[in-house]
Amino acid sequence: MSASEGAFTGPGILLVLDGWGHADASDDNALALARTPVLDGLVASRTSTLAEASGDAVGLLPGTVGNSEIGHMVIGAGRPLPYDSLLVQQAIDNGTLRAHPQLGVLLDKLAVSSGTLHLIGLCSDGQIHANVEHLSELLAAAAAHQVQRVLIHAITDGRDVADHTGKTYLSRLTELTAWAEIGQIATVIGRGYAMDKAGNLDLTEEAVTLVADGRGAPVDSIHDAVTAGERGDEWVPAAVFTTVGSAGVADGDAVLWFNFRSDRIQQFADRLSEHLLDTGRSVDMVSLAQYDTRAAIPALVQRADASGGLADELATVGLRTVRIAEAEKFEHVTYYINGRDAAARGGEEHVRITGDGKPDYVARPRMNLDRVTAAVVEAAARPEVDLVVANLANIDVVGHTGNLAATVTACEATDAAVGQILEAAGDSHRWVLAVGDHGNAERMTKPAPDGTVRPYGGHTTNPVPLVIVPPGTDRSTPALRETATLADVAPTVLRLLGHKPGSAMTGRPLL
Ligand SMILES: O=C(O)[C@H](O)COP(=O)(O)O
Ligand SMILES: [Mn+2]
Ligand SMILES: [Mn+2]
């Protein structure tokens, strides 16, 4: 360790506590209700501040809740990055989406062949994976090109928005189709099936055969579609509207995927592509934003450049990092934090902690935290490792269940884990920077579109705690700046490691 402008430099630990947001205590604030002496101590310390993690501070539309993808990307990039949802909205506002040549060719082809356009995506306004309002532009484009038939394959949410609101969003779809004078809902299925990202292909298959072959329970109304299941909107079972005639995808049809975030739709997109190919159907596919699929699906809106972030800077100066998270958040500390770049840089080691079987987060709110913590402690003890980067998933993942009691347990388990990690940091004379990537557990209810207050497991627009714990007994560290955003994390980490912020970073070191 050496002194540098009042701050110390040396090896450290960057700890992302997923879903660790800040809000005043209330009876729906799981973090405040939980007994969390370690986290409370960190937040009350002099080297603690609050960082903006939502809206335009990170590259989202103003007022939009943060999410893991943009959160980790900005933590890594050291600058706000125009996120896909923002870029899609800009393309709608400036007319480039509607005038997109590739979209025009696809729609004209359908108009000539009388083929069907299938719109597939998450129907809510959660703005994390999709926004149902984007459909007005897509339907208008189809109508302008005189496409004759548009079918919507709606995925119900209940995770990024309050549960049991699926009916409201499906009703919104019918308003949009009435306004555009084209389109009808053909099928409905919950995101638990259609947006599995853990390789549970049996779940994905339900969505694939529903959309491709029209195989699902016949329903006559939105009400029947969403009330068939008793497990909420995430698990609405496959349903086909009897009113649409043939709901499946025919040879010569086209598919437009309207989720803008890839991670939870790519498995479905790949499986549907393979299924159509296997069954001899030639179908044009495009996606609203870029997907990380095996299948080549052209995107209508391109991703922002996220290079020049922490990973690139660490590689340039030759520092070693270990990245640790359980499966749910593994891409977050590797792919996302590295600027949506799958290549591991030199000096980068990845530790992915996997669990057994299908997770039940209410029954097991500790998840695999003990093993994640053990891996962090082990990595911290290795002198050749300059920076340990870890994500503790529980506060967010259990928070998503909307179950307050389970989330309180998740917060308490995380608190104990952070305590162990701080001890290990003390032993190895490392600093620790702990930060949330967006809010979640600090608010567990939300008014639904119908005005009722419902349990809510989704993210928030609240700022997140950002705390630096100096190594050893160093108590000379100055207080942190009061205004901060996630873009300040990478410059601060580089400073603490004894290096300058990267030239592409606009965030500023917090000390
Ligand atoms: O995909 C999910 O689990 C949620 O919709 C968003 O959560 P994340 O942004 O924390 O992954
Ligand atoms: Mn997150
Ligand atoms: Mn989340």
Side-chain angles (χ1 to χ4, degrees), residues 60-65 82-108 110-111 115-157 160-161 165-188 191 194 211 222 225-226 233 241 243-244 247 253-261 265 284-290 298-302 448-450:
L60 296 166
L61 288 159
T64 311
V65 297
Y83 189 58
D84 306 62
S85 52
L86 175 80
L87 296 170
V88 167
Q89 192 58 51
Q90 285 171 348
I92 290 174
D93 293 345
N94 65 22
T96 51
L97 180 62
R98 201 184 290 209
H100 195 289
Q102 201 150 9
L103 181 63
V105 169
L106 179 140
L107 296 176
D108 287 342
L110 286 178
T116 300
L117 174 67
H118 299 264
L119 300 173
I120 309 175
L122 184 68
C123 286
S124 80
D125 57 2
Q127 303 246 48
I128 288 183
H129 292 275
N131 184 355
V132 67
E133 297 302 325
H134 292 161
L135 283 185
S136 60
E137 187 71 0
L138 301 174
L139 290 167
H145 284 265
Q146 277 144 23
V147 173
Q148 285 128 53
R149 192 164 179 256
V150 179
L151 295 182
I152 301 171
H153 301 275
I155 302 170
T156 46
D157 191 343
D160 298 333
V161 293
T165 55
K167 200 172 155 182
T168 310
Y169 292 109
L170 294 179
S171 303
R172 177 67 185 142
L173 279 183
T174 59
E175 286 172 12
L176 294 171
T177 52
W179 167 82
E181 297 181 359
I182 191 160
Q184 50 190 324
I185 309 174
T187 70
V188 180
R191 62 179 279 170
V211 170
I222 287 174
V226 295
D233 294 340
F241 276 80
T243 40
V244 296
D253 284 355
V255 168
L256 194 167
W257 299 89
F258 65 86
N259 278 22
F260 48 72
R261 174 160 153 181
I265 201 75
D284 287 337
M285 271 194 194
V286 288
S287 52
L288 197 48
Q290 195 181 318
L300 297 175
V301 176
Q302 302 306 313
D450 66 4

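- When every heavy atom of Phe241 is checked against every heavy atom of Thr187, the shortest pair comes out as CD1-N, 4.5 Å.
- Taking CZ of Arg261 as the start and CD1 of Ile128 as the end, the distance is 7.0 Å to the nearest 0.5 Å.
- Between Leu87 atom CG and Leu97 atom CG the span is 11.5 Å, to the nearest 0.5 Å.
- Residues meeting the side chain to side chain contact (heavy atoms under 4.5 Å, CB included) test with Gln302, sequence neighbours left out: Gln290, Ala299.
- In this structure, the side chains of His134 and Ile92 come closer than 4.5 Å at one or more pairs of heavy atoms.
- Ala154 and Leu173 make their closest contact through CB-CD1, 3.9 Å (heavy atoms, listed as atom of the first residue, atom of the second, distance).
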Table please: side-chain donor-acceptor pairs of residues 118-126 below 3.5 Å, with sequence neighbours left out.
from   : atom 1 : to     : atom 2 : distance (Å)
His118 : ND1    : His153 : NE2    : 2.9
His118 : NE2    : Asp253 : OD2    : 2.9
Ser124 : OG     : Gly126 : N      : 3.1
Ser124 : OG     : Asp157 : OD2    : 2.7
Asp125 : OD1    : Tyr169 : OH     : 2.6

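- Note that the CG atom of Leu138 and the CG atom of Leu107 stand 9.0 Å from one another [nearest 0.5 Å].
- Here CG of Leu86 is found 8.5 Å from OG1 of Thr64. Values are rounded to the nearest 0.5 Å.
- Residue pairs meeting the side-chain hydrogen bond (donor to acceptor under 3.5 Å, both in side chains) criterion with at least one member in residues 137-151, sequence neighbours excluded, are Arg98-Glu137, Asp108-His145, Ser114-Gln148, Thr116-Arg149.
- Among all heavy-atom pairs drawn from Tyr83 and Leu60, the shortest one is CD2-CD2, 3.5 Å.
- For the residue pair Leu139 and Gly183, the shortest heavy atom distance occurs at CD2-CA, 4.4 Å.
- Side chains of Thr177 and Ile185 form no contact here, defined as non-hydrogen atoms less than 4.5 Å apart.
- Evaluated for a side chain to side chain contact (heavy atoms under 4.5 Å, CB included) with Leu117, the options Leu106, Val255, Leu151 yield exactly one hit, Leu106.
- Looking at Asp233, its side chain never comes within 3.5 Å of a backbone N or O of Thr156 through a donor-acceptor pair.
- Of all the heavy atoms in Ala289 and Phe260, the pair that sits closest is CB-O, 3.4 Å.
- Side chain of Asn131 to main chain of Gln127: no donor-acceptor pair is present (N/O by atom type, distance under 3.5 Å, no hydrogens or angles).
- Interatomic distance, CG of Leu176 versus CD of Glu133, reported as 5.5 Å (0.5 Å rounding).
- Going from atom CG of Asn259 over to atom CG of Leu288 covers 9.0 Å, rounded to the nearest 0.5 Å.
- Closest of all the heavy-atom pairs between Ile182 and Ala143 is CG2-CB, 4.0 Å.
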**Request:** Please step through side-chain contact (heavy atoms from CB on, under 4.5 Å) for the pair Val105 and Gln102, ending with a clear verdict.
**Result:** CA-CA 5 Å; Val105 169; Gln102 201 150 9; 5.8 Å; no

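- More than 12 heavy atoms of other shown residues, nucleotides or ligands fall within 6.0 angstrom of atom CD in Glu175.
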